[in-house]
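FYI, side chains are in, hydrogens and waters are out, and symmetry mates aren't considered; it's all heavy atoms of this structure.
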Amino acid sequence: MSEFLSYEGYTLVFEDDFDGKALDRTKWNAELHKPGWVNEELQEYVDTEEVLFLRDSLLHIRPVKAVQADGSVSYYSGRISTQGKREFTYGIFEARLKVPQGKGFLPAFWLMTADEERWEQWPVCGEIDICEVLGHKPCTNYGTLHYGLPHEENQGAYTLPEGDFSEDFHTVALEWLPGDIRWYVNGRRFHRAERWFSVGRDGVRRPYPAPFDHDMYLILNLAVGGIWPGPPDETTDFARAAFAVDYVRAYQKTHGSMEEL
């Protein structure tokens with residue numbers, strides 16, 4: 001098995017180079033969620049030009065810290081998805097991106113089940129994290145599967161031999177095949193999963209490779225705080241922080257080549 005990503009047999013089916021003046025709403029939704037919606041995160045996801053904008057052919061997701069009149073602090077950030085616009089079963093999913101450095105930041109590029117109500121709510125429905133980088137440890141990218149009831153995860157990590165993901169742009173990718181999921185940084189494979197399970201709340205085990213056998217959609221977001229990264233601290237520089245994305249691409253095999261897998 002090659003350690004390097006190959007596009008042989010794949011066709012480009014979705015692309016955004018963020019070359020326009022504003023986010024292409026035919027491809028992306030800007031999601032709105034209150035603080036604490038998931039993972040005890042501190043940010044409110046909003047749809048404003050302050051947190052979501054295009055500049056220099058890049059998508060920017062900028063975290064904002066706002067001190068209120070009573071001295072309390074509020075955080076705002078952005079989250080976009082292709083839900084209901086473009087959804088995928090299997091393929092290669094790739095982004096070239098640069099992350100913010102700082103305690104409390106957690107940028108992510110990932111896949112979530114398109115119809116969570118049909119497939120049962122998380123974690124039964126499944127989640128595939130292509131890229132997550134902790135702001136206080138910007139040298140390492142994590143790729144993770146979430147599945148099962150009770151919840152289990154299968155996680156791999158890649159640490160850059162030099163530099164970090166906040167200093168320069170790097171390419172992250174996922175190849176999702178039936179029963180075989182592989183993660184890449186700069187074209188080199190760093191993790192592979194071939195075994196998982198799906199059991200619903202009724203206790204019935206779903207046929208493998210469920211839950212990773214149905215449509216999922218793409219998400220880009222920048223969380224602030226939460227269970228994993230912890231809260232920002234006095235060293236966290238919001239003024240200079242931004243999650244910058246050069247492009248997002250998705251490739252899929254033709255029907256005939258999928259049958260050969």
Colleague: Can you name the nearest heavy-atom pair linking S166 to P138, along with the distance?
Modeller: OG-CB, 4.1 Å
Colleague: Look at the side chain of R206 and the backbone N and O of V204, then say whether any donor-acceptor pair between them is shorter than 3.5 Å.
Modeller: yes
Colleague: Looking only at the side chains, is there a donor atom on one of T113 and E127 sitting less than 3.5 Å from an acceptor on the other?
Modeller: no
Colleague: Using the rule that Ile, Leu, Val, Met, Phe, Trp and Tyr join whenever any side-chain heavy atoms are under 4.5 Å apart, tell me whether L58 and L218 fall into a single cluster.
Modeller: no
Colleague: State which residues pass ring-ring contact (aromatic ring centres under 6.0 Å, His included) with F93; sequence neighbours excluded, sorted by chain then number.
Modeller: F88
Colleague: Can the positive tip of R195 be found less than 6.0 Å from the middle of the six-membered ring of Y208, inside 45° of the ring normal?
Modeller: yes
Colleague: Going by the rule ring-ring contact (aromatic ring centres under 6.0 Å, His included), which residues pair with Y10 if we only count those two or more places apart in sequence or in a different chain?
Modeller: none
Colleague: State which residues pass salt bridge (charged side-chain N to carboxylate O under 4.0 Å, His left out) with R201; sequence neighbours excluded, sorted by chain then number.
Modeller: E120
Colleague: Please check if the side chain of K98 supplies one atom and the backbone of D246 the other of a donor-acceptor pair under 3.5 Å.
Modeller: no
Colleague: With hydrophobic residues grouped by side-chain heavy-atom distances under 4.5 Å, do L52 and L42 end up in a single group?
Modeller: yes
Colleague: Flag the pair V248 / L220 as yes when at least one side-chain heavy-atom distance between them is below 4.5 Å, and no otherwise.
Modeller: yes
Colleague: More than 12 heavy atoms of other residues, nucleotides or ligands under 6.0 Å from NZ of K137: is that the case?
Modeller: no
Colleague: For E153, does the CD atom have more than 12 heavy-atom neighbours from other residues, nucleotides or ligands under 6.0 Å away?
Modeller: yes
Colleague: Do Y76 and E50 have side chains that approach each other closer than 4.5 Å (heavy atoms only, starting at C-beta)?
Modeller: no
Colleague: Honestly curious: do F109 and V51 fall in one hydrophobic cluster under the side-chain, below-4.5 Å linking rule?
Modeller: yes
Colleague: Please work out whether the ring planes of H33 and Y45 are parallel, tilted or perpendicular, with thresholds of 30° and 60°.
Modeller: perpendicular
Colleague: Is it true that a side-chain atom of E132 and a backbone atom of L106 form a donor plus acceptor pair closer than 3.5 Å?
Modeller: no
Colleague: Are R249 and Y247 in a cation-pi contact, defined as NZ or CZ under 6.0 Å from the six-membered ring centre and within 45° of the axis?
Modeller: yes
Colleague: Can you sort out the partners of E175 under salt bridge (charged side-chain N to carboxylate O under 4.0 Å, His left out), two or more places apart, ordered by chain and number?
Modeller: R182
Colleague: What I want to find out is whether E194 reaches R192 closely enough, with some N-O distance under 4.0 Å, to be called a salt bridge.
Modeller: yes
Colleague: Report the residues that fulfil ring-ring contact (aromatic ring centres under 6.0 Å, His included) with H136, sequence neighbours left out, ordered by chain and then residue number.
Modeller: none
Colleague: Taking the side chain as C-beta and beyond, is there a heavy-atom pair between F4 and R188 under 4.5 Å?
Modeller: yes
Colleague: Would you check if Y7 and I92 make a side-chain contact, meaning some heavy-atom pair closer than 4.5 Å?
Modeller: yes
Colleague: Only counting residues at least two apart or in another chain, list the ones meeting side chain to side chain contact (heavy atoms under 4.5 Å, CB included) with D168.
Modeller: H170
Colleague: Side chain to side chain contact (heavy atoms under 4.5 Å, CB included) with V199: which residues, sequence neighbours excluded?
Modeller: F197, R205
Colleague: Between F18 and S57, is there a side-chain heavy-atom distance shorter than 4.5 Å?
Modeller: no
Colleague: Report the residues that fulfil ring-ring contact (aromatic ring centres under 6.0 Å, His included) with Y142, sequence neighbours left out, ordered by chain and then residue number.
Modeller: W228
Colleague: Ignoring hydrogens, what is the shortest heavy-atom contact between G148 and P123? Give both atom names and the distance.
Modeller: O-CG, 3.1 Å
Colleague: Between D237 (side chain only) and A239 (backbone N and O only), is there a donor and an acceptor less than 3.5 Å apart?
Modeller: yes
Colleague: With hydrophobic residues grouped by side-chain heavy-atom distances under 4.5 Å, do L149 and F212 end up in a single group?
Modeller: no
Colleague: Using the test side chain to side chain contact (heavy atoms under 4.5 Å, CB included), find all partners of V73 that sit at least two apart in sequence or belong to another chain.
Modeller: K65, V67, Y75
Colleague: What residues, two or more places apart in sequence or in another chain, satisfy side chain to side chain contact (heavy atoms under 4.5 Å, CB included) together with K27?
Modeller: F14, D16, D24
Colleague: Between R189 and E3, does any side-chain N to carboxylate O distance fall below 4.0 Å?
Modeller: no
Colleague: Provide the closest heavy-atom pair for T140 versus F165 in the form atom of the first, atom of the second, distance.
Modeller: C-CE1, 3.9 Å
Colleague: Go through the steps for M216 and Y90 under the test side-chain contact (heavy atoms from CB on, under 4.5 Å), then give the verdict.
Modeller: CA-CA 9 Å; M216 306 185 85; Y90 309 126; over 6 Å; no
Colleague: Can you tell me if E15 has over 12 outside heavy atoms packed within less than 6.0 Å of its CD?
Modeller: yes
Colleague: Could you go through H60 and F243, starting from their C-alpha distance and side-chain angles, then the distance that decides it, and tell me whether this counts as side-chain contact (heavy atoms from CB on, under 4.5 Å)?
Modeller: CA-CA 6 Å; H60 296 265; F243 183 20; over 6 Å; no
Colleague: When hydrophobic residues are tied together by side-chain contacts of less than 4.5 Å, even through go-betweens, does V185 share a cluster with V245?
Modeller: yes
Colleague: Kindly indicate whether the side chain of L174, heavy atoms from C-beta on, has any atom under 4.5 Å from the side chain of Y184.
Modeller: no
Colleague: Mind checking whether N154 and I181 have side chains closer than 4.5 Å, heavy atoms only?
Modeller: no
Colleague: Are Q43 and S77 close enough that a side-chain donor and a side-chain acceptor fall under 3.5 Å?
Modeller: no
Colleague: If only side-chain N and O atoms count, and only distance matters, is there a donor-acceptor pair under 3.5 Å linking W183 with N141?
Modeller: no
Colleague: Show the nearest heavy-atom pair for residues L54 and G20, with the distance to one decimal.
Modeller: CD1-O, 3.5 Å
Colleague: With sequence neighbours left out, what residues match E40 under salt bridge (charged side-chain N to carboxylate O under 4.0 Å, His left out)?
Modeller: none
Colleague: Taking all non-hydrogen atoms of both residues, which atom of W176 and which atom of H214 are closest, and how far apart?
Modeller: CH2-O, 3.3 Å
Colleague: Find out whether I80 and L59 are in side-chain contact, i.e. whether some heavy atom of one side chain is under 4.5 Å from a heavy atom of the other.
Modeller: yes
Colleague: Okay, side chain of T89, backbone of D215: is any donor-acceptor separation there less than 3.5 Å?
Modeller: yes
Colleague: Ignoring hydrogens and geometry, is there a side-chain-to-backbone donor-acceptor pair from N221 to G78 under 3.5 Å?
Modeller: no
Colleague: So which atom in W196 and which in D180 form the shortest heavy-atom distance, rounded to 0.1 Å?
Modeller: CH2-N, 3.7 Å
Colleague: Apply side chain to side chain donor-acceptor pair (under 3.5 Å) to the pair Q252 and T11, showing each step before the final yes or no.
Modeller: CA-CA 5 Å; Q252 290 188 303; T11 300; over 6 Å; no
Colleague: Could you tell me which residues satisfy salt bridge (charged side-chain N to carboxylate O under 4.0 Å, His left out) with D47, sequence neighbours excluded, listed by chain and number?
Modeller: R25
